[in-house]
Amino acid sequence: MNLHEYQAREILARHGIPLPGGAVATTPEEARAIAARLGGPVVVKAQVHAGGRGKAGGVKLARDASEAAEHAARILGMTIKGLTVRQVLVAPAADIASESYVGIIVDRASQRPVLMVSGAGGIDIEEVAARTPDRIHRLAVDPRYGLLPHQALGLALHLYRDVGQARAAADIMRKLYAAVYAVGASLAEINPLATTPDGQVVALDAKVVIDDNELERHPEIAALRDATAEAPSEVAAREAGLTFIKLEGSVGCCVNGAGLAMATMDLVKYYGGEPANFLDIGGSSNPRKVVDALRIITADPTVRAILFNIFGGITRCDDVANGIVEATRQLRLTVPLVIRLTGTNEELAVRILTEAGFSALTDMDEAVKQAVAQAGA
Ligand code: GDP
Ligand code: MN
């Protein structure tokens with residue numbers, strides 16, 4: 001689950017990380033009032049679940065309250081990476097002398113939380129990783145001991161020559177590590193971690209992603225969900241009990257089982273296509289889920305072809321077939337549908353689909369090739 005920057009800031013501030021305080025506005029007038037209360041220059045920042053807001057024009061410095069209101073008027077309603085801005089954060093602006101990057105991710109390869117730091121802050125870390133990978137320093141943390149003071153200081157000395165600043169940054173890293181564990185985050189980033197001309201080290205941006213599996217034991221964090229800021233298809237899927245992730249491609253995928261869904265996406269890419277989504281309808285045989293899944297996929301205008309890939313085990317192919325027939329009765333399909341089913345009750349499923357005017361394949365490669373071709377046509 002993604003949080004907004006202002007929510008991430010609250011979490012980090014609660015853990016003692018120095019961050020200029022601020023407040024959220026939904027109208028230019030509110031932004032003006034917050035800026036007036038803060039006094040002095042402020043920064044007005046779009047609150048959307050996307051990075052690169054600065055580049056997109058969603059982060060603006062204002063000298064005073066009326067300039068803050070003007071920026072808010074321009075930023076509110078703007079779309080950044082397809083997301084509409086409904087809130088802006090108004091915070092005291094800092095003078096920046098330098099910008100670094102500090103982040104923690106849960107790393108599958110080392111099976112540990114990994115702390116990453118870079119002196120090349122302010123820009124996307126993916127860009128730094130691609131262009132100047134030697135400017136990123138990493139440390140896999142042993143969760144039995146946590147991030148030890150000398151380890152944090154060792155990393156911080158890659159960022160700052162000044163020992164006082166390095167100590168301050170090391171302290172921030174340890175607090176960030178504590179925050180990650182406290183809220184069940186899979187990622188936490190401060191970019192930029194800035195120095196001011198008078199030598200302070202402050203966090204000027206915060207990003208926190210919560211591991212969905214942690215939400216049950218952190219109801220106070222789960223309550224931070226802003227469904228209005230999420231992709232509508234993801235909200236609909238969550239409500240329908242489907243595991244769904246929206247992607248950028250044009251082949252809509254409807255698959256049972258997360259492993260098969262991953263394999264299907266791999267094969268779509270292998271044959272030159274791009275998946276429009278990850279969707280796992282789960283192991284049950286509920287035709288209702290098939291209807292929900294198709295409704296979500298067909299509502300996405302970027303989908304050019306739909307691929308069903310079902311491996312029947314506990315999932316019965318005839319149930320899925322009935323779901324497809326039912327769904328296509330309810331929904332108007334405007335894109336081609338390629339169906340591959342194999343396993344439990346496969347013959348029955350093929351009969352149901354054939355009678356309803358569909359054809360069904362049993363070979364996965366063949367089905368994926370067809371779906372990619374249709375999406376490209
Ligand atoms: P992002 O582009 O979505 O990561 O948004 P950021 O919050 O990181 O802001 C982008 C850039 O705006 C930062 O890298 C800074 O250069 C600049 N910026 C953000 N806050 C301040 C501030 O308080 N003062 C100054 N001078 N620049 C800021
Ligand atoms: Mn940033």
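Sequence positions, counted from 1, serve as the residue numbers for this chain. Note that these values count all heavy atoms, side chains included, but never hydrogens, waters or copies made by symmetry. Start at 1 and go down the list; that is how both ligands and their atoms are numbered.
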| field | Under-4.0 Å salt bridge between Lys246 and Asp300 | value | yes
| request: Would you check whether Lys45 has a nitrogen or oxygen atom less than 3.5 angstrom from a nitrogen or oxygen atom of ligand 1? | output: yes
| message | Tell me the nearest of Ala93, Pro192, Ala94 to atom 24 (N) of ligand 1, using heavy-atom distances. | response | Ala94
| field | Atoms in ligand 1 with a heavy atom of Gly122 nearer than 4.0 Å | value | 14 (O)
| request: Say whether Gly51, considering both its backbone and side-chain N or O atoms, lies within less than 3.5 Å of an N or O atom on ligand 1. | output: no
| note | Correct closest heavy-atom pair for Leu89 and Arg9 would be CD2-NE, 3.4 Å
| query | Among protein heavy atoms, which sits nearest to atom 2 (O) of ligand 1, and what does the distance come to when rounded to 0.1 Å? | reply | Gly54 N, 2.8 Å
| Nearest to the Mn ion (ligand 2), which N, O or S atom of Asp205 do we find? | OD2
| task | Starting from the C-alpha separation in whole Å, work towards a yes-or-no answer on side-chain hydrogen bond (donor to acceptor under 3.5 Å, both in side chains) for Ser98 and Thr195. | result | CA-CA 5 Å; Ser98 75; Thr195 59; 2.6 Å; yes
| field | Protein heavy-atom partner closest to atom 5 (O) of ligand 1 - residue, atom, separation in Å | value | Arg53 NH2, 3.1 Å
| message | Among all the protein's non-hydrogen atoms, which is closest to atom 27 (N) of ligand 1, and how far away is it? | response | Ile96 CD1, 3.2 Å
| said: Less than 4.0 Å from atom 17 (C) of ligand 1, is there any heavy atom belonging to the protein? | reply: no
| Salt bridge Arg131-Glu127, side-chain N to carboxylate O under 4.0 Å | yes
| message | Looking at atom 11 (C) of ligand 1, tell me if a protein heavy atom falls under 4.0 Å from it. | response | no
| message | Check this for me - ligand 1, Val43, N or O atoms closer than 3.5 angstrom, yes or no? | response | no
| For atom 13 (C) of ligand 1, what's the nearest protein heavy atom and its distance? | Glu99 OE2, 3.4 Å
| task | Report the member of Ile123, Val42, Asp205 with the shortest heavy-atom distance to atom 6 (P) of ligand 1. | result | Asp205
| query | Hey, which of Val338, Leu333, Ile324 is the one that makes side-chain contact (heavy atoms from CB on, under 4.5 Å) with Ile306? | reply | Leu333
| query | Between Arg295 and Asp292, is the closest basic N to carboxylate O distance under 4.0 Å? | reply | yes
| query | Does the pair Arg112/Asp142 count as a salt bridge with the N-to-O cut at 4.0 Å? | reply | yes
| request: Could you walk me through whether Thr264 and Asn309 pass side-chain hydrogen bond (donor to acceptor under 3.5 Å, both in side chains), step by step? | output: CA-CA 8 Å; Thr264 305; Asn309 188 11; 3.0 Å; yes
| query | Which atom names give the shortest non-hydrogen contact between Cys254 and Ile281, and what distance separates them? | reply | SG-CG2, 3.7 Å
| Residue, atom name and distance, where the atom is the protein heavy atom closest to atom 19 (C) of ligand 1 | Val59 CG1, 4.0 Å
